[in-house]
2 protein chains.
Amino acid sequence: MDLTPLPEIVHQSLRLDHGLTLDCGVTLDDVRLAYRTYGTLNATRSNAILVCHALTGDQYVAETHPITGKPAWWGGLVGPGCPVDTDRYFVICSNVLGGCMGSTGPASPRAEGAAPWGVDFPPLTIQDMVRAQKALIDALGIERLFAVIGGSMGGMQVLAWAAMYPEKMFAAVPIAAAAYHSAQNIAFHEVGRQAILADPDFHEGRYRDHGVIPARGLGVARMTAHITYLSETALSRKFGRRIQSGAALGGALFGDRFAVESYLEHQGSSFVRRFDANSYLCITRAMDFFDLAADHGGSLAQAFQGTQTRFLLVSFSSDWLFPTAQSRAIARALNQVAANVSFVEIISDKGHDAFLLDEPDLARSVAGFLAGCAETLGLV
Amino acid sequence: MDLTPLPEIVHQSLRLDHGLTLDCGVTLDDVRLAYRTYGTLNATRSNAILVCHALTGDQYVAETHPITGKPAWWGGLVGPGCPVDTDRYFVICSNVLGGCMGSTGPASPRAEGAAPWGVDFPPLTIQDMVRAQKALIDALGIERLFAVIGGSMGGMQVLAWAAMYPEKMFAAVPIAAAAYHSAQNIAFHEVGRQAILADPDFHEGRYRDHGVIPARGLGVARMTAHITYLSETALSRKFGRRIQSGAALGGALFGDRFAVESYLEHQGSSFVRRFDANSYLCITRAMDFFDLAADHGGSLAQAFQGTQTRFLLVSFSSDWLFPTAQSRAIARALNQVAANVSFVEIISDKGHDAFLLDEPDLARSVAGFLAGCAETLGLV
């Protein structure tokens, strides 16, 4: 497994003026958010779209990643002439609080010159991430966002935005999202966390002091998660029972044999070089805590009471991690408060991952919805 | 985690007279099968039922486990007056080849007085397990089994029996079974294996030489598998988002908080005391290799050509690991060769685990099917 550290770069970032008080009660004094913007903010500052990334995403939504060299993670959806058209809109994407791509997180120093937080980093919520984004939007002088859009954990952030700052956004697009993390979701995350904690190179979160990373544990966590991102059909089509190497019954008791195994191992090992294990613990935990209804007296509708935001909800038929039923429940809650909601279930066999892939129906839905909203708002 | 070794007992076992040549070409000279029998073999030796156990099961199908103290693993289905009625049938259940409950497996010595096989134990197939069972049945003087029955990997063995020794069985009951392991099935197994391999206490399979067991890796493997055994509904009903201990946002970045996490950790830790890690690698691998159609020129029907065996196939509606579609494909293949097939999909929200739980429809189906077969055969 290649564990050569990736080169470091300086991220474009903003330091929040007043720190940030978290849901857990702790105040972080030194908070930085790394972010990227694309396109031009218009004179009335009314064409800004905030893109919220998923668990292992980052701010490089529409350009080649400067460190990993990977293509833009949402290149098909965000860019010039794309559904989220950077010729038309001013697009902002920030690395989430708790992340490891330039924003304050477990790898950041507790204070100027001090040691990193590590596992002592305070537990975060999705709402904390949103609060930090709100501070960034304020700092950029944007009174109201045209839209907030995101998939998976990004969709959770969109929902939290809509509940916390309804007057700060015209439109919301939660994709493959959920208003709470289910017991099964939590269980899969917990398996990944236990694998990280079980890695002797984890050193109770102080792995950097030992010059190592818990690569095997983090790799297993990533592999587990990756299975949940794909549908059974997608896995079967991609790999089936194809043998990758070695005779089916030769060789040792274990070792790569099926193509799906090599693929998963590659997913695991390419991930560990770019992602911080403590960030993974921190962010998965924030997702587990997410339960928007519970925060509003058990009523999801209550979370959206009085909203004027226009919603486009998107789910994928083969997504078993954040299934259509979750989006439907959100649509129902929004209907209860007479919100303006469109809901589309896209027929796809690609599983949860579909939101990141080239899905023409997703592009069409988002493009059409944003165009309609822009017209209503008089954005040219 | 309590890792005190469980007390050892002597298992009732049989040594195969002629060893066993495996699919991989290796011949095991010293093969022992640990087994249990219940009820009485009738004078014509025609009332024997072989029960095949699942991945982590054992021979104690109808009695309290002498080591773990756990109740009979199929107590509701096998016993006096039960659907598999030990007052009427002679029931045999053996620990699979490759297992760790008395049968020859990776923990067994290579030869009398030699060191254990460990990871050098030859790769097994489901068919190898069945060959060993066949030798046991021969040794017990049984010409033809009345029925072979099993769930999950036990169901795979039933299918292999039906394909390999059709003349040796009157009836077959594969429950929650599949004729091949899917890419997703393989992927989940691989995550578990990687977790075991990543455990520093694994010592490349020679953990016993070091006086340790790879408890954390095996625990993670068990946790992952356990999620796949349950439906989302079952997990939600059992745990939902209930908090087990500590304030939701207090304390450290990680640690038990949700009830589902404590439950999984308990599942993992209670498992590692009773199950050998190398056996887990060996048996999961055998399941991955299973592909009955591939062994018959790509045609599942071909595997059952000319069969006179009567089949009862049972699946569970919420089983997403071995879903109904898998049983339906087996039923279709059996129909193609004009076999005698009954197929029932039981509506249950308990997931794959349903085959082990108290499911009245399962009990009724098995009882009715066996009674019909017994009548046909003139068994009183």
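Labels below follow one simple rule: chain letters A, B, ... track the order of the sequence lines, proteins then strands, and each chain is numbered from 1.
In terms of non-hydrogen atom pairs under 4.5 Å with chain B, the most contact-rich of Thr224(A), Val260(A), Ile186(A) is Ile186(A). Residue with the most contacts toward chain B among Leu235(A), Ile227(A), Val220(A): Ile227(A) (heavy-atom pairs, distance under 4.5 Å).
Relative orientation of the Phe188(B) and Phe188(A) rings is parallel, given thresholds of 30° and 60° on the angle between their planes.
For a residue to count as touching a neighbouring chain, one of its non-hydrogen atoms must lie under 4.5 Å from one of that chain's; by this rule Asp288(A) touches chain B with backbone and side chain alike. With a 4.5 angstrom heavy-atom cutoff, Asp291(A) touches chain B via backbone and side-chain atoms both. Of the two parts of His226(A), neither the backbone nor the side chain holds a non-hydrogen atom closer than 4.5 Å to a non-hydrogen atom of chain B. With a 4.5 Å cut-off on non-hydrogen atoms, His189(B) does not touch chain A at all. Neither the backbone nor the side chain of Tyr263(A) has a heavy atom closer than 4.5 Å to any heavy atom of chain B.
No side-chain donor-acceptor contact under 3.5 Å links Arg241(B) to the backbone of Ala294(A).
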Assess whether side chain to side chain donor-acceptor pair (under 3.5 Å) is satisfied between Glu232(B) and Ser182(A), documenting all intermediate values.
CA-CA 8 Å; Glu232(B) 211 287 303; Ser182(A) 74; 3.2 Å; yes
Trace of the side chain to side chain contact (heavy atoms under 4.5 Å, CB included) decision for Gln194(B) with Leu264(A):
CA-CA 10 Å; Gln194(B) 288 296 329; Leu264(A) 284 177; over 6 Å; no
Evaluation steps, side chain to side chain contact (heavy atoms under 4.5 Å, CB included), between Arg216(B) and Leu197(A)
CA-CA 9 Å; Arg216(B) 302 199 73 164; Leu197(A) 268 49; 4.0 Å; yes
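A salt bridge links Glu261(B) and Arg285(A); the closest N-O separation between the charged side-chain nitrogens and carboxylate oxygens is under 4.0 Å.
Residues Ala183(B) and Gly240(A) share a closest heavy-atom pair of CB-O, 3.4 Å. Heavy atoms only, all atoms of each residue included: Ala198(A) and Pro200(B) are closest at O-CD, 4.5 Å.
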